[in-house]
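Every heavy atom of this structure was used, including side-chain atoms; hydrogens, water molecules and symmetry mates were not.
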Amino acid sequence: MPQPSPRHEIAHLGHVELFTPEPEKSLDFFVRVLGLTENGADGDSVYLRTWDDYEHHSLKLTAAKTSGVGRTAVRATSEEALKRRVVALEERGLGVGWEDGDAGIGPTYVFRDPDGHELEVYWETERYRPPEHLRPALKNQAQAYPGRGVGVRRLDHVNYLAREAEVNGRFVCDALGGRVTEQIQLDSGVISGQWTHFAQKSYDIVYTNDWTKSSGRLHHIAFATDTREDILRAADIALDNGVHIETGPHKHAIQQTFFLYVYEPGGNRVELCNPTGRLIFAPDWEPVTWTEAERAKGQAWGLKTIESFHTHGTPPVD
């Protein structure tokens, strides 16, 4: 019997673990400045959630000697889909094995991408049940709007740095059933960046080439806001709180996302983004390819890409 297509066997990005050498300052940033809510702790880690993600947490913030990304979680669409993705991962020799999941999720299968980033895939999950003081007026909302800081609505995507973006993008497509929506092709023919997605949202996991030729590093994680105006407000909030603004507010040419990039106190880059109403519905979507000359023009309205956007990643490389 032919195996079902891997498409749509991963539902979405679940949560991301972020390492920080400044745990107290980073926690204050995510709670007070970005508006996330604490939802438990375990050892050196604190679980944080946005106000409309439906699961236990969106971010696992872990104290560490240096900055960087820990384990990224994706949720399967069913128990059967989970088992099939595990087989696909083991066939590629990238599986690590089964573990009891972190707070809020059931059995999880740990694996690595070709670049060495650690990920996990799971099916069983705990729907968030807010305490009385966080209960929303509307029952179709996960949590009451916090009215604090930027007030980000959901975890949006993770952008990894990798030795070879194309190799890792192909892995997401072949092993996890993702699809490339947009990419950058240099004059040499090298694919230097790929944006992949699992459902209708235009991207979930991004790979861009690491200029240091290192492996396993992070470019940024991103949280989505309700509106583009929230991004403008976020810039003022960052300014008032002494948060380093790297670039923006502005609009990306790739994916048309309205953005602001800041550094959290641990040194990790965080994007605050609003993807507007852009969704991918076409079942036969073909990747949009941007040339080196087109990218040299800068962002959508002409803002040149800042140099640190190509050189800063975490953990830092000597």
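One finds the CG atom of Leu34 at 9.0 Å from the CD1 atom of Ile237 (value rounded to the nearest 0.5 Å). In this structure, OG1 in Thr225 is found 4.5 Å from CG in Asn274, a value given to the nearest 0.5 Å. Atom-to-atom distance recorded for Leu176:CG and Ile205:CD1 is 6.5 Å, nearest 0.5 angstrom. From Ser308, atom OG reaches atom NE2 of His244 across 6.0 Å, with rounding to the nearest 0.5 Å. With rounding to the nearest 0.5 Å, the separation of CZ in Arg129 from NE2 in His56 is 12.5 Å. Rounding to the nearest 0.5 Å places NE2 of His220 at 14.0 Å from CD of Glu264.
In terms of modelled atom types and a separation under 3.5 Å, the side chain of Asp174 and the main chain of Phe171 share no donor-acceptor contact.
Electrostatic pairing of Lys297 and Glu292 does not count as a salt bridge here, judged by no charged N lying under 4.0 Å from a carboxylate O. Between Arg154 and Asp156 a salt bridge is recorded (basic side-chain N to carboxylate O distance below 4.0 Å). With respect to Glu80 and Lys83, no salt bridge is recorded, no charged nitrogen being found less than 4.0 Å from a carboxylate O. The pair Arg71-Glu17 fails the salt-bridge criterion, with no side-chain N (NZ, NE, NH1 or NH2) lying under 4.0 Å from an Asp/Glu carboxylate O. Comment: Arg269 engages Glu246 in a salt bridge, judged by a side-chain N to carboxylate O separation of less than 4.0 angstrom. Between Glu91 and Arg85, none of the side-chain N atoms (NZ, or NE/NH1/NH2) sits under 4.0 Å from a carboxylate O, so this pair counts as no salt bridge. Between Asp28 and Arg32 there is a salt bridge, since a side-chain N of the basic residue sits under 4.0 Å from a carboxylate O of the acidic one.
Residues Tyr47 and Ser58 have side chains that never bring a donor and an acceptor to within less than 3.5 angstrom of each other. For the residue pair Thr305 and Gln299, a side-chain donor N or O sits within less than 3.5 Å of a side-chain acceptor on the partner. A side-chain donor from one of Thr50 and Asp53 sits under 3.5 Å from a side-chain acceptor of the other. No side-chain N or O of Glu120 forms a donor-acceptor pair with one of Thr72 less than 3.5 Å apart. Using modelled atom types and a 3.5 Å distance limit, the side chains of Tyr109 and Glu90 yield a donor-acceptor pair. Under the 3.5 Å distance criterion, with hydrogens and angles disregarded, a donor-acceptor pair is assigned to the side chains of Gln183 and Thr289.
A 4.5 Å side-chain heavy-atom check between Leu303 and Thr247 finds at least one atom pair inside the cut-off. Leu272 is not listed as a side-chain neighbour of Phe259, based on a closest heavy-atom distance of 4.5 Å or more.
Ring centroid separation for the pair His12 and Phe198 does not come in under the 6.0 Å cut-off. Taking the six-membered ring for Trp and the full ring otherwise, His250 and Trp301 have centroids separated by under 6.0 Å.
Ring pair Tyr263/His312 is parallel by interplanar angle, where below 30° counts as parallel and above 60° as perpendicular. Using the six-membered ring where Trp is involved, His219 and Phe309 have ring planes that are perpendicular, over 60° apart on the 30 and 60° scheme. Note: Trp51 and Tyr145 have perpendicular aromatic rings, judged against thresholds of 30 and 60 degrees for the angle between ring planes.
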Between Thr314 and Asn268, is a side-chain hydrogen bond (donor to acceptor under 3.5 Å, both in side chains) present by the stated rule, with each step listed? CA-CA 6 Å; Thr314 52; Asn268 297 293; 2.8 Å; yes
Run Leu155 and Leu13 through side chain to side chain contact (heavy atoms under 4.5 Å, CB included) and show every step you take. CA-CA 8 Å; Leu155 175 67; Leu13 179 67; 3.8 Å; yes
Side chain to side chain contact (heavy atoms under 4.5 Å, CB included) between Arg112 and His117: does it pass, once the steps are laid out? CA-CA 5 Å; Arg112 295 186 184 277; His117 299 97; over 6 Å; no
Are Thr37 and Arg49 close enough, and set up right, to give a side-chain hydrogen bond (donor to acceptor under 3.5 Å, both in side chains), and what steps lead you there? CA-CA 5 Å; Thr37 300; Arg49 52 170 289 102; 5.8 Å; no
Check the pair Val206, Gln194 against side chain to side chain contact (heavy atoms under 4.5 Å, CB included), reporting the backbone distance first and the verdict last. CA-CA 6 Å; Val206 183; Gln194 284 194 325; over 6 Å; no
Going through the distances and angles, do Leu61 and Phe30 end up as a side chain to side chain contact (heavy atoms under 4.5 Å, CB included)? CA-CA 9 Å; Leu61 187 64; Phe30 284 107; 4.0 Å; yes
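With His252 as the partner, the ring pair (Phe, Tyr, Trp, His ring centres under 6.0 Å) test is satisfied by one option alone out of Phe258, Tyr261, Trp290, Tyr203: Tyr261.
When hydrophobic residues (I, L, V, M, F, W, Y) are linked wherever their side-chain heavy atoms come within less than 4.5 Å, Leu161 remains an isolated member.
Contact detail for Lys60 and Ser45: the closest heavy-atom pair is CE-OG, 3.3 Å. The two residues Leu94 and Asp113 make their nearest non-hydrogen contact at CD2-O, 4.2 Å. Shown here for Ser67 and Pro315, the closest heavy-atom pair between the two residues is O-CB, 3.2 Å. Closest approach of Ile221 to Val158, counting heavy atoms only: CG2-CG2, 4.1 Å.
Applying the salt bridge (Lys or Arg N to Asp or Glu O under 4.0 Å) rule to pairs touching residues 204-219 yields Lys201-Asp204, Asp210-Arg217, sequence neighbours excluded.
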